[in-house]
Trainee: 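Pasting a structure below so you can have a look.
Quick note: numbers below take in every heavy atom, side chains included, and nothing from hydrogens, waters or symmetry partners. On a predicted model such as this, the values are computed, not experimentally measured, just so you know.
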Amino acid sequence: MQRSLWILLLGVALTACDDDHTDQPDPVAGKPEPVPALTTGTYAVSVETGQELPTVGKYYSGADGSKLVVLNGEQDRAQRVIHYDTATRTWHSSNQSGQPLKLEFASQEKIADRQLGLNELAGSYSLSLADGRTIPVEIKGQGQINSLDQNCHFSGKISESPMANTATYQFTENSCAALKNNVKGYVVIDEDLEPAAFRLLSDTVNAQDIWAFSS
């Protein structure tokens, strides 16, 4: 009888302990996402700014959870670059300036996906900076990129990306002051920017939006 009573009391205690655990809120599940999570694909998006016209851009979402948002400003140059780091599960913004990141889309429309291969990038290009400067570069078949400008030398590697219409790049050498904030980032194809073949973007603060034209 005494043993049965102890078993009953133990069961009640375990049930109460489990109830206490169940009542605890999940901090991760309850935390709102700073950027809307769209399914795999590429989207044209817009964000209301309080001005007459909204800010427009593109949203790239990969099957592995990686995400990239590019919002354009004057002359279609990138005003804000935001990416989701799958390793740390955090969003990073090029001009966050210490303020909490919060983005809401006024509109979103899925557009065509195109898997970007390294071989199709091979060729000679002229990189155009927003201030009018140009840098001649060469991209080889396996994604090696090299500057041909002695006054702005850099070299690096382009790699395929799980996000359609994009690749990633990383400079292994960079002695070009104009690109000091562009040592790594994304190669992005955007048909709206034609005749530019692609753009080089980084979410580093003060990074350049570099457009590449075939030469």
Side-chain angles (χ1 to χ4, degrees), residues 34-35 38 41-47 55-62 64-86 90-97 101 103 105 111 113-118 120-121 123 125-135 137 139 143-147 152 154-172 174 176-214:
V35 178
L38 303 184
T42 307
Y43 302 80
V45 298
S46 67
V47 177
T55 297
V56 298
K58 298 289 171 34
Y59 184 117
Y60 307 88
S61 179
D64 67 336
S66 55
K67 293 176 174 57
L68 174 68
V69 182
V70 183
L71 299 177
N72 296 327
E74 295 182 3
Q75 300 180 341
D76 289 330
R77 294 282 180 174
Q79 183 181 67
R80 194 170 191 181
V81 179
I82 308 165
H83 99 276
Y84 181 74
D85 188 330
T86 56
T90 54
W91 288 90
H92 301 271
S93 174
S94 62
N95 64 343
Q96 195 166 336
S97 303
L101 174 62
L103 201 64
F105 296 139
I111 59 178
D113 289 336
R114 172 185 172 187
Q115 202 60 40
L116 182 57
L118 298 182
E120 65 180 291
L121 290 175
Y125 298 91
S126 177
L127 301 186
S128 172
L129 279 61
D131 62 5
R133 283 179 292 177
T134 59
I135 306 168
V137 300
I139 300 178
Q144 290 87 4
I145 181 171
N146 297 288
S147 167
C152 181
F154 62 86
S155 61
K157 181 74 168 64
I158 298 174
S159 304
E160 293 183 352
S161 165
M163 296 181 293
N165 302 301
T166 74
T168 61
Y169 77 88
Q170 171 82 54
F171 290 164
T172 52
N174 183 26
C176 183
L179 303 184
K180 64 181 180 180
N181 297 315
N182 286 78
V183 294
K184 66 176 181 178
Y186 299 90
V187 178
V188 178
I189 290 181
D190 189 339
E191 293 182 354
D192 291 340
L193 301 182
E194 290 182 349
F198 57 84
R199 70 202 304 189
L200 296 178
L201 295 168
S202 174
D203 66 357
T204 303
V205 176
N206 296 324
Q208 300 261 10
D209 178 10
I210 308 165
W211 294 6
F213 296 86
S214 296

Trainee: Any side-chain heavy atom of Leu121 sitting closer than 4.5 Å to one from Tyr169?
Mentor: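 No, too far: nothing below the 4.5 Å cut-off.
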Trainee: Using atom types as modelled and distance alone, determine if a side-chain donor or acceptor of Asn165 lies under 3.5 Å from a backbone N or O of Arg114.
Mentor: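 Yes, the answer is positive, given that a donor and an acceptor are paired below the 3.5 Å cut-off.
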Trainee: Show, in sequence, the C-alpha distance, side-chain angles and deciding distance for Asp203 and His92, and conclude whether the side chain to side chain donor-acceptor pair (under 3.5 Å) test is met.
Mentor: CA-CA 7 Å; Asp203 66 357; His92 301 271; 5.3 Å; no
Trainee: So, taking the atom named OG1 in Thr172 and the one named CG in Asn146, what distance separates them when rounded to the nearest 0.5 Å?
Mentor: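 Here the rounded value is 8.0 Å.
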Trainee: Would you give the length of the straight line joining atom CH2 of Trp91 to atom CG of Asp85, rounded to the nearest 0.5 angstrom?
Mentor: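 Reported value, rounded in 0.5 Å steps: 11.0 Å.
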Trainee: Run the salt bridge (charged side-chain N to carboxylate O under 4.0 Å, His left out) test against Lys67 and tell me which residues pass, sequence neighbours left out.
Mentor: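 By the salt bridge (charged side-chain N to carboxylate O under 4.0 Å, His left out) rule, Lys67 matches no residue at all.
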Trainee: Check for a donor-acceptor pair, side chain of Ser61 on one end and backbone N or O of Leu38 on the other, with a separation under 3.5 Å.
Mentor: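 Yes, the answer is positive, given that a donor and an acceptor are paired below the 3.5 Å cut-off.
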Trainee: Decide side chain to side chain contact (heavy atoms under 4.5 Å, CB included) for Val137 and Phe154; before the verdict, give the C-alpha distance in whole Å, the side-chain angles of both, and the deciding distance to 0.1 Å.
Mentor: CA-CA 9 Å; Val137 300; Phe154 62 86; 3.6 Å; yes
Trainee: Nearest 0.5 Å please: distance from the OG atom of Ser126 over to the CZ atom of Arg133.
Mentor: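 Separation between the atoms: 13.0 Å.
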Trainee: Do you know which two heavy atoms are closest between Ser66 and Met163, and how far apart they sit?
Mentor: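 Minimum heavy-atom separation between Ser66 and Met163: OG-CG, 3.5 Å.
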Trainee: If only atom types and distance count, is the side chain of Asn174 paired as donor or acceptor with the main-chain N or O of Leu179 below 3.5 Å?
Mentor: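 Looks like yes, one N/O pair under 3.5 Å.
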Trainee: Does atom NZ of Lys157 have more than 12 heavy-atom neighbours, drawn from other residues, nucleotides or ligands, at distances under 6.0 Å?
Mentor: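 Above 12, so yes.
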Trainee: Tell me if a side-chain donor or acceptor on Arg77 pairs with a main-chain N or O of Asp209 at a distance below 3.5 Å.
Mentor: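 Between the backbone of Asp209 and the side chain of Arg77 there is a qualifying donor-acceptor contact (under 3.5 Å).
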Trainee: Return the CD1 to OG1 distance between Ile189 and Thr166, rounded to the nearest 0.5 Å.
Mentor: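 OG1 of Thr166 is found 9.0 Å from CD1 of Ile189.
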Trainee: With no hydrogens and no angle check, is any side-chain donor or acceptor of Ser46 less than 3.5 Å from a backbone partner on Val56?
Mentor: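 No; judged by distance alone, with no hydrogens or angles, the pair does not exist.
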Trainee: Show, in sequence, the C-alpha distance, side-chain angles and deciding distance for Val35 and Tyr84, and conclude whether the side chain to side chain contact (heavy atoms under 4.5 Å, CB included) test is met.
Mentor: CA-CA 9 Å; Val35 178; Tyr84 181 74; over 6 Å; no
Trainee: In Å and rounded to the nearest 0.5 Å, what is the CG to CG distance from Leu201 to Asp190?
Mentor: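 It is 9.5 Å, given to the nearest 0.5 Å.
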Trainee: How long is the straight-line distance from CD of Gln208 back to OG of Ser94, given to the nearest 0.5 Å?
Mentor: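 Answer for the OG-CD pair, Ser94 versus Gln208, is 12.0 Å.
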Trainee: Do Ile210 and Ile135 come within less than 4.5 Å of each other through their side chains, counting heavy atoms only?
Mentor: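 No, too far: nothing below the 4.5 Å cut-off.
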Trainee: Tell me, with the steps shown, if Tyr186 and Tyr60 meet side chain to side chain contact (heavy atoms under 4.5 Å, CB included).
Mentor: CA-CA 11 Å; Tyr186 299 90; Tyr60 307 88; over 6 Å; no
Trainee: For the residue pair Arg80 and Thr55, establish whether any side-chain heavy-atom pair is separated by less than 4.5 Å.
Mentor: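 No - every pair of side-chain heavy atoms lies 4.5 Å or more apart.
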Trainee: Mind checking salt bridge (charged side-chain N to carboxylate O under 4.0 Å, His left out) for Asp113 and listing every partner two or more places apart, or none if nothing turns up?
Mentor: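 Salt bridge (charged side-chain N to carboxylate O under 4.0 Å, His left out) list for Asp113, sorted by chain: Lys110.
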Trainee: With a 4.5 Å cut-off on side-chain heavy atoms, are Thr168 and Lys184 touching?
Mentor: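 No, too far: nothing below the 4.5 Å cut-off.
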Trainee: Could you walk me through whether Leu116 and Phe198 pass the side chain to side chain contact (heavy atoms under 4.5 Å, CB included) check?
Mentor: CA-CA 11 Å; Leu116 182 57; Phe198 57 84; over 6 Å; no
Trainee: Any heavy-atom pair between the side chains of Leu68 and Tyr59 that's under 4.5 Å?
Mentor: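 Sidechains of Leu68 and Tyr59: no contact.
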Trainee: What are the two closest heavy atoms between Leu127 and Ala212, and how far apart are they?
Mentor: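 Where Leu127 meets Ala212 most closely, the heavy atoms are CD2-CB, 3.6 Å.
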Trainee: Closest approach of Pro162 and Asp64, non-hydrogen atoms and distance?
Mentor: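 Minimum heavy-atom separation between Pro162 and Asp64: CG-OD2, 3.3 Å.
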Trainee: Taking all atoms of both residues into account, what is the closest heavy-atom pair of Gly65 and Thr86, and its distance?
Mentor: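 Looks like C-CG2, 3.6 Å.
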Trainee: Checking Gln144 side chain against Ile158 main chain: does a donor-acceptor pair fall under 3.5 Å?
Mentor: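 Not at all, since once roles are kept as given, no pair shorter than 3.5 Å links the two residues.
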Trainee: For Arg199 and Val70, which heavy atoms make the closest approach, and how far apart are they?
Mentor: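 Smallest interatomic distance, heavy atoms only, reads NH1-CG1, 3.8 Å.
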Trainee: Any side-chain to backbone donor/acceptor pair from Asn181 onto Thr204? Under 3.5 Å, distance only.
Mentor: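 No: the side chain of Asn181 does not pair with the backbone of Thr204.
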Trainee: Could you tell me which non-hydrogen atom of Ala167 sits nearest to which non-hydrogen atom of Ser161, and how far apart they are?
Mentor: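 Heavy atoms of Ala167 and Ser161 come nearest at CA-CB, 3.7 Å.
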Trainee: Return yes if some donor-acceptor pair links the side-chain N/O of Ser147 with the main-chain N/O of Cys152 below 3.5 Å, else return no.
Mentor: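 Pair found, side chain donor or acceptor close to backbone of Cys152.
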